Amino acid sequence: WIVGIAGVLAVIRLPDVYEASARIYVDTQSVLKPLMQGLAVQPNVDQQVMILSRTLISRPNVEKLVRMADLDLGATSKSDKDAMVDGVMKGLRIESLGRDNLYTLSFRDSKPENAKRVVQSLASIFIESNLGEKRKDSDSAKKFIDEQVKVYEKKLEEAEDRLKEYKIRNLSSNPATTALNN
């Protein structure tokens, strides 16, 4: 009985910990991939996600995350805010689910609403970062394709000019046209 009572008391004294998580699908099959196949270097998605996770858990982003989740409202001094940012940085996790393109963002806190707000804010930052990269990739792909179109237009114009010059040069030496002129 003594061990049972001691176990119950120990469990009761443990603080409640809540975990919020979000699953994110990272689209690797963009619309531009078939267009760019063979024309540009295709980035490794796992490397992109690792870089993105390192970027997301960087101090400036975590400070932004703390502001977005309103965790800094109770902090009274700079050292309180720094301690809060450090705690959030240690508690954030970005993990691959083992399946292609599925990742989990998670955070634990003693207050369920804080855990939920942190994960929602982290997911927002993740999505904004990913959309920014997609826009940049789309812009660079569009620029590349436009440059290729200009190169081929120039080649086509040069070929048409050569054909026109050939016809002009060979028009007088063509036997059918000389017979018509006589």
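If you read the sequence from its start, that first residue is 1, and numbering goes on from there. Note: hydrogens, waters and symmetry copies are ignored here, and every other heavy atom, side chains too, is used. Being a predicted model, the structure only gives us computed values, none of them experimental.
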Minimal non-hydrogen separation, M89 against S58, with atom names:
CE-C, 4.4 Å
Nearest heavy atoms of V119 and A22, plus distance in Å
CG1-CB, 3.6 Å
Taking all atoms of both residues into account, what is the closest heavy-atom pair of A115 and A20, and its distance?
O-CB, 3.4 Å
At what distance, to the nearest 0.5 angstrom, does NZ of K64 lie from OG of S121?
9.5 Å
How does the hydrophobic cluster around V8 look, that is, which other residues are in it when side-chain heavy atoms under 4.5 Å mark a link?
I12
Nearest 0.5 angstrom please: F107 CZ to Q120 CD, how far?
13.5 Å
Quick one: OG on S79 to CE on M84, what's the gap to the nearest 0.5 Å?
10.5 Å
Taking every non-hydrogen atom, the tightest pair across D86 and R59
OD1-NH1, 2.7 Å
Which atom pairs, donor and acceptor, lie under 3.5 Å between side-chain atoms of residues 150-161 and protein residues at least two apart or in another chain?
none

Heavy-atom side-chain proximity of I24 to I94 below 4.5 angstrom:
no
Here the gap from R67 atom CZ to K81 atom NZ, rounded to the nearest 0.5 Å, amounts to 8.5 Å
Please list, chain by chain and in numerical order, all residues satisfying side chain to side chain donor-acceptor pair (under 3.5 Å) with S110, sequence neighbours excluded.
none
Which atom pair, heavy atoms only, marks the closest approach of S124 to M68?
CB-CE, 4.1 Å
Pick out which of L65, N114, D109, L122 makes a side chain to side chain contact (heavy atoms under 4.5 Å, CB included) with V88.
L65
